[in-house]
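What follows is one structure encoded as structure tokens, with my remarks underneath.
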Amino acid sequence: MNLYFSPKARRAALTGFMAGALLLSGCEKKPPTDALLIGLGGPITGPNAKFGEQLLKGARMAAEVVNEQGGINGKQVFVVPADDACEAKQARSVANRLVNEGVAAVIGHFCSSSTIPASEVYAERNLLMITPGSTNPQVTDKGFPTVFRTCGRDDQQGSVAADYIAAVLKPKALAVIHDKDTYGQGLADAMRARLKQKHHMQEILYEGITRGDKDFNSLITKMKGLKVDVIFFGGVATEGGLLVRQAAEQGLKARFVSGDGIITENFPAITGPAVKGVLMTFGQDPRLIPQAAAVVDRFRKSGYDPEAYTLYSYASAQVIFEALKNTGNTHDGKVLAAYIRAHTFDTVMGPKAFDAKGDLKQSDYVMFEWVETEPGKYAYQQISR
Amino acid sequence: MEILGQQLINGLILGSVYGLIAIGYTMVYGIIGMINFAHGEVYMISAYLGAIFLALAAFFGVNSAPVALVAALVLTVAIIAVYGFAVERTAYRPLRGSGRLAPLISAIGMSLVLQNYVQLSQGARDKSVANLFGGVVRFGQGMGAVQVTHIQLIIMGATLVSMAGLTWIVQKTSLGRACRATEQDPTMAALLGIHTDRVISIVFVLGSALAGVAGVLISLNFGSFNFFIGFVAGIKAFTAAVLGGIGSLPGAMLGGLILGLSESLFAGLVNSDYKDVFAFSLLVLVLIFRPTGLLGKPSLEKI
């Protein structure tokens, strides 16, 4: 079949299409003209988009709730998403975009490798930034006064894992695997350092894998040859899940320990039944905190289970909202930061206070284990305090 | 010794995975001399389609794994062929005869469109696919056993069969003759009565069908997939195709095997941090001494 159009008709069709595309993009939720803008930086697309989704859902829900109560000092809040795809370069450019759009403060970013460059942009322009999920020590160690986080730090997290491995698992042969990323390698190194200093233990294998790879069989065969009985993995769910699954397929019977990077409800979808017994450190499950009950309920009614970082993002938004409210909606990052340091915030995750660096005064990392709740269904449960 | 044996098998399987995707790449390149950057995304969409059809098969009570697999393969290939046709129609045909760069860019655009479309319509989460072929073939006993799973054997078989099948089509059938003529000189082929547009469409359909087979089988092997798998798979398969000599069907298979083996053996025996560095250094070396790849034939540049 051949269709012929005159060049004129083609041009008309193309113009029409482009106009339509513009109209469509114009239809996307647009902020009301006098709204108070809050930026949200995170991986909205790309391989880590599941985390970006959690951040965005959390922040939007917090904005929805505060808007129902009349907004902040009479102004409606609007969340402006900015997609960094967990890429450092893109993080810088979307950070600049958020600054130029005149946001009052930023929630985000997610991957530490994006958060660090973005935080430089915000600090330069004196804009408050609270990350719900970047746990690399560098994020606050750089010493920017306007940077905070509502999650813990990898060195705290790595210590909890190291103590547990030394006290409970007592491995004969430990392998430490990481994904060569700021977060993954940072966590693995923090765990290793603690193990060496406090418990005088050392791993027999320390290796990096590549993000995006699917086949780790050769590494697993190698670990099998070394008779590894505990694997510590610093990295995220996609690669971690494949490691667990392929280890089981090859019959490598080793306990798998990881951090908050593998925390997503469908981690068992990647691993299959091998998920049983996988250990990971994470902040106390925020959904179990009594203060969160009403918000969790509201999320579930809207058809979304607020897993993993959703409530961290919600809590970050609450801190920002309260600081804005009590400083007369100032956009001055230093004023907001001073307020945040001086006060304790009653968030969905319980009372939160920040130290001089911008870290939480009290981190709440604990060990979780994946268990089979009913045949074929898996969930993570807190096993230590 | 068993470790080395297992590492060789790991490498052969990884190589077959790369080869299976690379064959589709090389097929399209062989005919129109264009890298189809959307090939990886077509593979990714096939993984989704395959999982949907396998779930449907389970829903309708198909208990036999081979029957479910064949049904899923046939249906996926049928639908993904339409995708391949549409990709060619929208991203390549309107730009035919406009130099080499324009269709390259439109193919990259097409790949982004497909990736984002799947992310938006299916969500960003990893999806799982039921483990149909849990069986394992073991050689040896106890800790020293060397093993390969059934699905991995199926992948190796599928790679060989599709390579042989396509070679037969290209070398022995009248369609293959038309393909080769189109590749050598599209204008002359058209003058001699070959419907070159249709030939190119068929090549895209064939290439996509192969990506369809690869998508279903490989996602069964790894057990999970997401909207992003096409990118890395595409890069690796493209590398395999170049290594073996792009345009050559046995070359794609050979390139895949060399890439897979070198990655696996280096990761297993030396260090997994540098396996990609090693594999790509090998690629550079091969291209220095054989610029057209291992099995590629030197051709005159047609610009």
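Naming convention: chains lettered A, B, ... in sequence-line order (proteins, then strands); numbering from 1 in each chain.
When each of I270(A), I209(A), L219(A), T264(A) is checked for heavy-atom pairs under 4.5 Å with chain B, I270(A) comes out on top.
Heavy-atom distances place no part of V148(B) under 4.5 Å from chain A, backbone and side chain included. Heavy atoms of I235(B) lying under 4.5 Å from chain A are absent altogether. E53(A) touches chain B through its side chain: at least one heavy atom from C-beta onward sits under 4.5 Å away, while N, CA, C and O do not. With a threshold of 4.5 angstrom between heavy atoms, D126(B) approaches chain A through its backbone and through its side chain. The part of I44(A) that comes within reach of chain B is its backbone (N, CA, C, O), which places non-hydrogen atoms under 4.5 angstrom from that chain.
Using a 4.0 Å cut-off between a side-chain N of Lys or Arg and a carboxylate O of Asp or Glu, K253(A) and D229(A) do not qualify as a salt bridge. Between E372(A) and K377(A) there is no salt bridge, since no side-chain nitrogen of the basic residue lies less than 4.0 Å from a carboxylate oxygen of the acidic one. Using a 4.0 Å cut-off between charged side-chain N and carboxylate O, D215(A) and K236(B) make no salt bridge.
Inter-residue side-chain proximity for V236(A) and R211(A) is flagged as met; some heavy-atom pair is nearer than 4.5 Å. Looking at heavy atoms from C-beta onward, F227(B) lies in side-chain contact with Y48(B) at the 4.5 angstrom threshold. Within the 4.5 Å cutoff, side-chain heavy atoms of E263(B) are placed close to those of Y18(B).
Proximity to chain B among residues 239-246 of chain A is limited to L242(A), R245(A), Q246(A), judged by heavy-atom separations below 4.5 angstrom. Listed in order of number, the residues of residues 175-184 of chain A that approach chain B to under 4.5 Å between heavy atoms are H178(A), K180(A).
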| said: Does I229(B) form a side chain to side chain contact (heavy atoms under 4.5 Å, CB included) with Y43(B)? I'd like the steps, not just the answer. | reply: CA-CA 9 Å; I229(B) 56 169; Y43(B) 154 79; 4.0 Å; yes
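Within a 6.0 Å sphere centred on NZ of K276(A), heavy atoms belonging to other residues, nucleotides or ligands number 12 at most.
The side chain to side chain contact (heavy atoms under 4.5 Å, CB included) test with P132(A) singles out one residue from I107(A), T310(A), L40(A), and that residue is I107(A).
In this structure, the side-chain contact (heavy atoms from CB on, under 4.5 Å) partners of S16(B), at least two apart in sequence or on a different chain, are I155(B), M156(B), T159(B), L257(B). Evaluation of the side-chain hydrogen bond (donor to acceptor under 3.5 Å, both in side chains) rule for D83(A) yields T45(A) as partners, not counting sequence neighbours.
Between F85(B) and S201(B), the shortest heavy-atom contact is CE1-OG, 3.7 Å.
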